[in-house]
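Heavy-atom basis, side chains included; hydrogens, waters and symmetry copies ignored.
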Amino acid sequence: MSRPEDTGTPEGHPIFVIQKHDATTLHYDFRLEADGVLKSWAVPKGPSADPKEKRLAIPTEDHPLDYADFEGVIPEGRYGAGAVMVWDRGVYRNLTWKSGREIPVTRALEQGHVSFWLEGEKVRGGYALTRFRTGEKGEAWLLVKKDDAEAAPGRDIVATETRSVVSGRTIEEIAAGEEPG
Ligand code: MN
């Protein structure tokens, strides 16, 4: 697997990004590249490295691929107004298999379950996204760490990792318009 610095995907790996977003309520936007767009979920508590932690993930609209680079402030009056940080990014590998065959990510998402390996700077290892609710109240999914060598029970990566992977800024520094570095 290539490191995040190598993206531009020389080996053809799709990208992922996790953007910390201080909108009406603070959340983490988890986005996976699939079919030329970023499939997106809002994760109120952010990802966990602990397989026992199930993190609620609410689907949001697809975003264009180049949004993965966006860090800054969405102005007042616009949808999602508030500061956005590139909290983590990297590439991922699809791990969704059934009967010995890989299920493409787009189909896996339609079926409501996708497994993948993340190669980020902060978040690494296997994860699964599983839909547990559909219907009038809207879809709801769970983002859960797999119990593998990268699992870290009890480790709160959201609490300890508070800076952007592209600029080193905190969400407060981004909101205040401080320049990187
Ligand atoms: Mn958001």
Side-chain angles (χ1 to χ4, degrees), residues 14-65 67-68 70-71 74 78-99 102-120 122-148 150-162 165 171:
I15 65 163
F16 80 94
V17 64
I18 303 172
Q19 283 158 315
K20 186 174 183 176
H21 186 188
D22 192 10
T24 311
T25 55
L26 182 73
H27 60 275
Y28 292 76
D29 288 297
F30 182 79
R31 309 187 197 278
L32 289 176
E33 177 184 358
D35 267 8
V37 298
L38 294 170
K39 298 290 179 184
S40 300
W41 293 258
V43 183
K45 291 185 173 178
S48 178
D50 186 339
K52 290 196 176 68
E53 289 282 329
K54 296 177 169 62
R55 293 291 159 90
L56 180 67
I58 302 297
T60 59
E61 66 279 16
D62 295 348
H63 278 56
L65 283 183
Y67 194 77
F70 178 73
E71 177 170 287
I74 301 173
R78 295 265 303 279
Y79 180 75
V84 177
M85 171 202 291
V86 180
W87 183 79
D88 198 14
R89 68 178 181 184
V91 294
Y92 79 93
R93 188 156 42 95
N94 182 17
L95 296 179
T96 320
W97 291 76
K98 195 173 187 180
S99 307
E102 182 177 335
I103 310 293
V105 170
T106 314
R107 186 178 323 149
L109 292 173
E110 288 167 5
Q111 294 174 349
H113 177 81
V114 61
S115 295
F116 43 85
W117 182 276
L118 299 177
E119 286 278 334
K122 297 170 180 169
V123 179
R124 297 174 55 83
Y127 279 81
L129 265 169
T130 306
R131 186 169 56 211
F132 70 93
R133 190 183 76 200
T134 57
E136 284 181 11
K137 291 179 73 182
E139 281 190 19
W141 296 56
L142 291 173
L143 175 66
V144 183
K145 179 77 193 74
K146 288 179 182 285
D147 193 1
D148 56 27
E150 300 289 348
R155 180 163 166 244
D156 189 348
I157 49 177
V158 161
T160 57
E161 300 286 350
T162 59
V165 290
I171 198 81

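- Between T96 and V105, every side-chain heavy-atom pair lies at or beyond the 4.5 Å cut-off.
- When each of D88, L143, L118, V144 is tested with P47 by the rule side-chain contact (heavy atoms from CB on, under 4.5 Å), just one qualifies, namely L143.
- With hydrogens and angles disregarded, a donor-acceptor distance shorter than 3.5 Å links the side chain of R131 to the backbone of E110.
- Taken to the nearest 0.5 Å, the CZ atom of F132 stands 11.0 Å off from the NZ atom of K54.
- Remark: the backbone N or O of A128 is not paired with any side-chain donor or acceptor of S115 at under 3.5 angstrom.
- Remark: L38 CG to D62 CG distance equals 8.5 Å, nearest 0.5 Å.
- In this structure a side-chain-to-backbone donor-acceptor pair under 3.5 Å is present from Y92 to E33.
- For the atom pair T160 OG1 and K122 NZ, the distance stands at 9.0 Å (nearest 0.5 Å).
- Ring geometry for F30 against W41 counts as tilted: the plane angle lies between 30° and 60°, on a 0 to 90° scale.
- Side-chain contact between R55 and Y127: absent, with no pair of heavy atoms (C-beta onward) separated by less than 4.5 Å.
- Counting only distance, with no hydrogens or angles, the side chain of Q111 and the backbone of I103 share no donor-acceptor pair below 3.5 Å.
- Residues E161 and V123 are not in side-chain contact: their nearest non-hydrogen atoms beyond the backbone lie 4.5 Å or more apart.
- For the residue pair S48/D50, the side-chain donor-acceptor check at 3.5 Å is not satisfied.
- At distances below 3.5 Å, at least one donor-acceptor pair connects side-chain atoms of H21 with backbone N or O atoms of G80.
- A cation-pi arrangement, defined by a distance under 6.0 Å to the six-membered ring centre and an angle within 45 degrees of its axis, is absent between K20 and Y28.
- Separation of atoms CE (M85) and CD1 (I171) is listed at 4.5 Å; rounding is to 0.5 Å.
- Between the side chain of E71 and the main chain of V86, a donor-acceptor pair closer than 3.5 Å is present.
- Side-chain atoms of K146 never come within 3.5 Å of backbone atoms of P51 as a donor-acceptor pair (strictly under, hydrogens ignored).
- Under 4.0 Å is where a charged nitrogen must lie from a carboxylate oxygen, and between E139 and R133 no such pair does.
- Rounded to the nearest 0.5 Å, atoms CZ (F70) and CG (D29) are 11.5 Å apart.
- To the nearest 0.5 Å, atoms CH2 (W141) and NE2 (H113) are separated by 9.5 Å.
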